[in-house]
Trainee: 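One structure follows; several queries about it will come next.
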Amino acid sequence: MNCPKCNKEIEQSFKVCPYCGEILSKEKASKNNNKKIIAIITAAVLSMALILCVLLPIISNSKASTYIEQENYKKAYQTISKFAWNPICNNNNQIASVGYANEQFSNKEYENALKTLDGINSKEAKELKEKCNREIQMNKLADYSFLDTLKKSVEWRNAKADEGKTSNDELVNYELNLLKDFPDKEYYNDDIKASAKKYVDGLQKQNEALKLEHSEYQIKWHDGMADRFEALKTLCENYDLLKDDNELYTTYISKAEYWRKYSDEINAIDKDLNTRLDNIQFDTDGYNDYYFTYKNGTTYSYNIWFYIDYYKGSTKVSRDEPYIENVKPNKKIKVSSYVSDKWETCEILWEIEPIIE
């Protein structure tokens, strides 16, 4: 031991220092030893801290690099994230965090992905955080509920239509019962909300069409058809609706424009017919043979079925259904009709089939 006064080394058993005469006691000697122990422990702790602060991050960073090369981002993240504070590990920590969060995103673990990205501010991390928050909100609000319900509804309708045993009334009302409340719900995504409204509006138009006949039915039905196809096209292209059924997916994307064009042409042709056949005059080729002429004033070609009801007073005495094929733009048409009895007035209705080139 050392003398606490002169610091010279002396025997442990001395009670008085032979060099300076300091009276020694066990308590003082013990304190001196404690100081030595504390110094040793402090040195050890500092050494460990040095290892933790310098060596372990370097080792962990090296291991993380290997895992990243193997695309094992989870293992890389678990290895490096505890040393995220160390500048040496910053680059690998960002790569591992984004890679692992992407895996969590793919597994729909959006909350966990956000935790993994906490403190990561790279461009990729910010974009992924936005996607996670979007998915969380779309699950929480009506977005995904609508898409899931719509998918089931459309698949059911197409399956039943293919069987040919279900009426249009049943098809439309089944979908309406499933989907009618969705336009009023809260959505995260405005496009999905707009598509929900457009699709249900289309169903409602088709439901109204079922109460109509001839061209009035066609106009309302095909306008509703076009609305439905356009809504489905948007959802298929932007949100992968029906992606697992390639035939339906392709049909709704490729046919949306066709049905809108078909609907628009029926509307235009019907308006032209209403104008040109208002107070139309009949001529006769004989006692029972009558005809009238009109000009196609549209830019569209079409086939047309006429339904001509002849009345004497309030009694219908005859109906004739002449069919005219391939009515060209600006073409003058003669519509011939046979009447089995004398008549006084008539009502002309029609159904139109646009010829889409």
Side-chain angles (χ1 to χ4, degrees), residues 51-155 182 185-196 231-250 252-253:
I51 292 171
L52 289 172
C53 292
V54 179
L55 296 180
L56 281 181
I58 293 173
I59 295 169
S60 297
N61 194 54
S62 177
K63 288 182 178 179
S65 295
T66 302
Y67 291 133
I68 289 169
E69 288 176 5
Q70 298 169 351
E71 296 186 355
N72 189 346
Y73 296 110
K74 180 178 180 179
K75 195 70 176 177
Y77 172 78
Q78 292 171 337
T79 301
I80 200 72
S81 60
K82 62 179 72 74
F83 300 108
W85 50 268
N86 194 308
I88 294 173
C89 304
N90 183 59
N91 187 55
N92 276 345
N93 182 56
Q94 292 203 38
I95 296 171
S97 297
V98 172
Y100 182 37
N102 268 310
E103 293 174 0
Q104 292 172 311
F105 182 88
S106 298
N107 294 326
K108 299 184 178 181
E109 300 172 15
Y110 309 121
E111 297 282 0
N112 290 335
L114 286 174
K115 291 178 182 177
T116 300
L117 292 170
D118 186 34
I120 307 298
N121 297 311
S122 65
K123 180 181 177 182
E124 293 84 355
K126 289 178 180 178
E127 290 174 353
L128 188 51
K129 286 177 186 178
E130 288 178 5
K131 289 170 64 178
C132 287
N133 284 316
R134 181 194 69 193
E135 294 297 317
I136 290 169
Q137 290 301 312
M138 287 176 70
N139 277 290
K140 180 180 178 182
L141 300 176
D143 302 66
Y144 281 133
S145 177
F146 169 67
L147 292 176
D148 290 342
T149 306
L150 178 61
K151 181 176 184 292
K152 294 173 186 176
S153 177
V154 170
E155 288 175 339
F182 277 100
K185 294 188 177 184
E186 185 180 357
Y187 290 79
Y188 174 80
N189 188 290
D190 290 339
D191 282 345
I192 295 179
K193 181 178 177 67
S195 295
L232 289 170
K233 179 178 186 289
T234 296
L235 297 173
C236 286
E237 287 181 329
N238 298 331
Y239 302 98
D240 290 339
L241 181 70
L242 299 168
K243 190 69 181 251
D244 56 348
D245 188 326
N246 187 61
E247 184 177 353
L248 284 182
Y249 179 82
T250 305
Y252 286 117
I253 290 176

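Basis for what follows: all heavy atoms, side chains included, without hydrogens, waters or symmetry-related copies.
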Trainee: Any luck finding a side-chain donor-acceptor pair between Asp143 and Tyr239 under 3.5 Å?
Mentor: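 No, Tyr239 and Asp143 have no side-chain donor paired with an acceptor closer than 3.5 Å.
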Trainee: Treating Asn107 as the side-chain partner and Glu109 as the backbone partner, does any N or O pair qualify as donor plus acceptor under 3.5 Å?
Mentor: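 Such a contact is absent between Asn107 side chain and Glu109 backbone.
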Trainee: Leu114 versus Asn133: any side-chain heavy-atom pair under 4.5 Å?
Mentor: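 Sidechains of Asn133 and Leu114: in contact.
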Trainee: Okay, side chain of Ser145, backbone of Leu141: is any donor-acceptor separation there less than 3.5 Å?
Mentor: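 Here the side-chain-to-backbone pair does not exist.
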Trainee: Just to verify, what does Asp190 make a side-chain contact (heavy atoms from CB on, under 4.5 Å) with, not counting sequence neighbours?
Mentor: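 Checked Asp190 against side-chain contact (heavy atoms from CB on, under 4.5 Å); zero matches.
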Trainee: Mark yes or no: Lys131 above the aromatic ring of Phe105, with NZ or CZ under 6.0 Å from the six-membered ring centre and no more than 45 degrees from the axis.
Mentor: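 Pair Lys131/Phe105 counts as cation-pi.
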Trainee: Does the ring of Tyr77 carry Lys74 above it, NZ/CZ under 6.0 angstrom from centre and within 45° of its axis?
Mentor: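 Not satisfied by the 6.0 Å and 45° rule.
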Trainee: Less than 4.5 Å apart, side chain to side chain, heavy atoms only: is that true for Tyr252 and Leu241?
Mentor: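 Tyr252 does not reach Leu241 side chain to side chain.
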Trainee: Not counting sequence neighbours, which residues clear side-chain hydrogen bond (donor to acceptor under 3.5 Å, both in side chains) with Thr149? List them please.
Mentor: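 For Thr149, no residue satisfies side-chain hydrogen bond (donor to acceptor under 3.5 Å, both in side chains) once neighbours in sequence are set aside.
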Trainee: Go through the steps for Lys129 and Asn121 under the test side-chain contact (heavy atoms from CB on, under 4.5 Å), then give the verdict.
Mentor: CA-CA 10 Å; Lys129 286 177 186 178; Asn121 297 311; 3.9 Å; yes
Trainee: Please check if atom NZ in Lys140 has more than 12 non-hydrogen atoms from other residues, nucleotides or ligands closer than 6.0 Å.
Mentor: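 Not buried by this count: 12 neighbours or fewer within 6.0 Å.
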Trainee: Within the 4.5 Å heavy-atom criterion, are Ile59 and Lys63 side-chain neighbours or not?
Mentor: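 Ile59 reaches Lys63 side chain to side chain.
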Trainee: With a 4.5 Å limit on heavy-atom distance, are the side chains of Asp244 and Lys151 in contact?
Mentor: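 Yes, their side chains come closer than 4.5 Å.
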Trainee: Partners of Asp148 by side-chain contact (heavy atoms from CB on, under 4.5 Å), sequence neighbours excluded?
Mentor: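 Partners of Asp148 by the side-chain contact (heavy atoms from CB on, under 4.5 Å) criterion come out as none, since no residue qualifies.
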Trainee: Applying salt bridge (Lys or Arg N to Asp or Glu O under 4.0 Å), can you list everything that pairs with Glu127, at least two apart in sequence or on another chain?
Mentor: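 For Glu127 there are no salt bridge (Lys or Arg N to Asp or Glu O under 4.0 Å) partners, ignoring immediate neighbours.
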Trainee: I'd like to check the side-chain contact (heavy atoms from CB on, under 4.5 Å) partners of Thr66; sequence neighbours left out, ordered by chain and number.
Mentor: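 Only Gln70 meet the side-chain contact (heavy atoms from CB on, under 4.5 Å) criterion with Thr66.
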Trainee: Are any non-hydrogen side-chain atoms of Tyr73 and Glu103 less than 4.5 angstrom apart?
Mentor: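 When only atoms from C-beta onward are counted, Glu103 and Tyr73 do touch, with a gap below 4.5 Å.
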Trainee: Identify, with sequence neighbours excluded, every residue that meets side-chain contact (heavy atoms from CB on, under 4.5 Å) alongside Asp245.
Mentor: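 Listed in chain order: Glu247, Leu248.
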Trainee: Determine whether a donor-acceptor pair (N or O, by modelled atom type, separation under 3.5 Å) exists between the side chain of Asn139 and the backbone of Glu135.
Mentor: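 Side chain of Asn139 to backbone of Glu135: a pair is present.
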Trainee: Would you call Glu130 and Lys126 a salt bridge, using N to O less than 4.0 angstrom?
Mentor: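 Lys126 and Glu130: not salt-bridged.
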